[in-house]
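Values in this document were obtained by computation on a predicted structure and should not be read as measured data. Protein chains get the first letters and strands the later ones, always in sequence-line order, with residue 1 at the start of each.
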Protein chains: 2
Amino acid sequence: MPQVNITVDINENIYLRDPLETDLGKRIIEHAILLLDEIGFEDLNFKKLAHHMKSTEASLYRYFENKYMLLAYLVAWYWDIMHFTLLMDIRNIKEPKKKLIRSVETLVNSLNESTTPSYIDQNKLHNIVVENAAKVYHTKKVDTLNKEGFYINYKKIVKTLSEIIREIDCDFKYPRALATNIIEQSLDSEYYLDHLPSLTDTQSRSTDSKNETVKMITYMLDRIL
Amino acid sequence: MPQVNITVDINENIYLRDPLETDLGKRIIEHAILLLDEIGFEDLNFKKLAHHMKSTEASLYRYFENKYMLLAYLVAWYWDIMHFTLLMDIRNIKEPKKKLIRSVETLVNSLNESTTPSYIDQNKLHNIVVENAAKVYHTKKVDTLNKEGFYINYKKIVKTLSEIIREIDCDFKYPRALATNIIEQSLDSEYYLDHLPSLTDTQSRSTDSKNETVKMITYMLDRIL
DNA sequence: TTACAGATAATAGTTTTACTATTACACGTA
DNA sequence: TACGTGTAATAGTAAAACTATTATCTGTAA
């Protein structure tokens, strides 16, 4: 099977050198996902990552300014692929309401294998985004980073979702806020269920929790729209 | 006017030494709020904070294990006082729906002067919580911290809000998730408006944005409940 | 009033993490 | 095979995180 280079559209301000252009770069992404999932962002540093992938600290600094930029890259990547997946999943659906429900399902069920290259563990990437996305958006540097286009991928998927909402109800006053809220809930509800269950209502982890989350969000949406 | 010692109910696992029991401790809280608001959590360290309050690094380490614990303390403090304020604000309201609307107003409008001691800048504390609360809840150590009771204050206010929701509709299936969602929106919507306006719908910062946020949340709640 | 105990804070470090200047290597081209 | 270009590794420095020890302060009892 031929190696297909996937195209991801990520702002070049995020990295120093494009990691997808070299083997070392791809290995950085691969191992960053493995190690971040394992030890978390706070405990990650470039020394550990270098050791994990049998490279050196200095090499990592050639690709990313620091670990925040590396995280920003992974999150941007996630939203880029999620946006693509979502567009694929709804492309043949005509009815706006069905489009929205399908979008929620896609968001909650995360990425599927076919859209990510083989060196990416998409479930781990999903967990990393759930655990750390807020750290990319909540920083004193938010305005600078925003100007440099760091958040474009997230904004795009919010825009797509808000347009579906407007298709359902063109007079609805808060399409963007609702879209943002849906996306955040799709990330958070599973995390809360696993770690802070008293912040949610779904009882046990044993039943299909992803499906429960979809039901909850669509229930709320049914009433709002 | 006599100095009234406010009572805050914060889990003693968060700190090494109770900062409210000494003058130095209170000064740590005071200056932590000032400096965190100014430079943000990522750029904060105990050396800078010590210099800011004309103390030493070592003294800070006697009160808090590290800057994460200091942040956790401030966030717990915020929710403790917010919970108290909320209970005060709704104590004479009989009708459940009015109770909920008033709760949203309280959450969005943040704390009022009378509930915080003089050395606390409550607006800055509010900004700190908006900017950094997610960092306290999203960490690999979440399960350990949860077991030690770090999140009790947040859980309490979610519980109170969810009970109000059940008063309105005792059959509603997702009172806790909705309560959590309301609280998160009350924090986020202003932040997005200021920094990532394309994630919201309220247009300009010039009009009363807090009021706009209340209107949006109550509009959604009206449809859901 | 002073000698001592107990509590608190400051000094002066060490260890770990973050970051960078420089050197070494690999590969394609003349 | 000599040389330019791109890439990675070595070997550091700078800064942040953390701690062992000493100093000071306060209250109490001889």
Side-chain angles (χ1 to χ4, degrees), chain A residues 5 12-32 35-36 38-74 119 132 135-136 139-141 144-145, chain B residues 5 12-32 35-36 38-74 119 132 135-136 139-141 144-145:
Chain A
N5 265 347
E12 61 178 25
N13 290 318
I14 297 185
Y15 50 79
L16 298 175
R17 182 188 307 274
D18 187 348
L20 296 187
E21 280 191 349
T22 65
D23 285 343
L24 182 68
K26 287 174 192 167
R27 283 184 3 95
I28 292 172
I29 304 308
E30 178 189 358
H31 286 269
L35 196 56
L36 262 174
E38 193 184 324
I39 66 176
F41 184 68
E42 280 69 30
D43 285 349
L44 180 85
N45 60 48
F46 277 9
K47 195 171 205 166
K48 285 181 191 169
L49 180 52
H51 184 255
H52 192 270
M53 59 187 287
K54 294 185 177 65
S55 177
T56 62
E57 240 184 305
S59 301
L60 300 179
Y61 279 105
R62 301 183 143 268
Y63 285 83
F64 295 101
E65 204 185 320
N66 51 49
K67 68 173 181 172
Y68 286 95
M69 298 298 114
L70 172 56
L71 177 63
Y73 183 89
L74 294 178
Y119 58 92
N132 302 296
K135 295 165 195 168
V136 177
T139 155
K140 274 283 172 214
K141 292 169 193 117
T144 315
L145 299 181
Chain B
N5 265 349
E12 61 180 25
N13 290 320
I14 297 185
Y15 50 79
L16 299 174
R17 184 188 305 276
D18 188 347
L20 295 186
E21 278 190 350
T22 65
D23 285 342
L24 183 68
K26 288 175 191 167
R27 284 186 359 99
I28 292 173
I29 305 308
E30 178 189 359
H31 286 269
L35 196 56
L36 262 174
E38 195 184 321
I39 66 175
F41 184 68
E42 280 70 29
D43 285 348
L44 181 85
N45 60 49
F46 277 8
K47 196 171 204 166
K48 285 182 191 168
L49 180 53
H51 184 255
H52 192 269
M53 60 186 285
K54 293 184 178 66
S55 177
T56 64
E57 240 185 306
S59 301
L60 299 180
Y61 279 103
R62 303 186 139 266
Y63 286 83
F64 296 100
E65 203 184 323
N66 52 48
K67 68 173 182 172
Y68 287 93
M69 297 299 116
L70 172 57
L71 178 64
Y73 182 89
L74 293 179
Y119 57 92
N132 302 296
K135 295 164 196 170
V136 176
T139 155
K140 274 283 172 216
K141 293 168 194 118
T144 315
L145 300 181

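Picking from D:dA17, C:dA18, D:dT10 the nucleotide with the shortest atom distance to the side chain of B:K67 gives D:dA17.
Summarising the geometry, the separation between CZ on B:F46 and C1' on C:dT16 is reported as 17 Å, rounded to the nearest angstrom. Atom P of nucleotide C:dC19 and atom CG of A:L70 are separated by 12 Å, given to the nearest angstrom. A straight line from CD of B:E57 to P of C:dT15 spans 16 Å, rounded to a whole angstrom. The distance between atom NZ of A:K47 and atom C1' of D:dA15, rounded to the nearest whole Å, is 14 Å. For the pair A:E42 CD and D:dA16 P, the computed distance is 18 Å after rounding to whole Å. The distance between atom NZ of A:K26 and atom P of D:dT7, rounded to the nearest whole Å, is 13 Å. A straight line from CG of A:L24 to C1' of C:dC25 spans 14 Å, rounded to a whole angstrom. Atoms CG (B:N45) and C1' (C:dA18) sit 13 Å apart, rounded to a whole Å.
Close to C:dC19, at under 4.0 Å from its OP1 or OP2, lies a side-chain N or O of A:Y61. Phosphate contact (OP1/OP2 of C:dA10, side-chain N/O of B:S55, threshold under 4.0 Å): present. An OP1 or OP2 oxygen of D:dT7 is reached within less than 4.0 angstrom by no side-chain nitrogen or oxygen of A:Y63. Phosphate contact (OP1/OP2 of D:dA8, side-chain N/O of A:T56, threshold under 4.0 Å): absent.
Between the side chains of A:Y63 and A:T22, a donor-acceptor pair is found at a separation under 3.5 Å.
Looking at B:K26, its side chain never comes within 3.5 Å of a backbone N or O of B:Y119 through a donor-acceptor pair. Remark: the backbone N or O of A:K135 is not paired with any side-chain donor or acceptor of B:K135 at under 3.5 angstrom.
At least one side-chain heavy atom of A:E42 sits less than 4.5 Å from a side-chain heavy atom of B:Y68. Side-chain atoms of A:R62 and A:I28, non-hydrogen and from C-beta on, never get closer than 4.5 Å to each other.
Both A:K48 and A:R62 lie close to DNA chain C; mapped to their nearest nucleotides by heavy-atom distance, the more 5′-ward contact belongs to A:K48.
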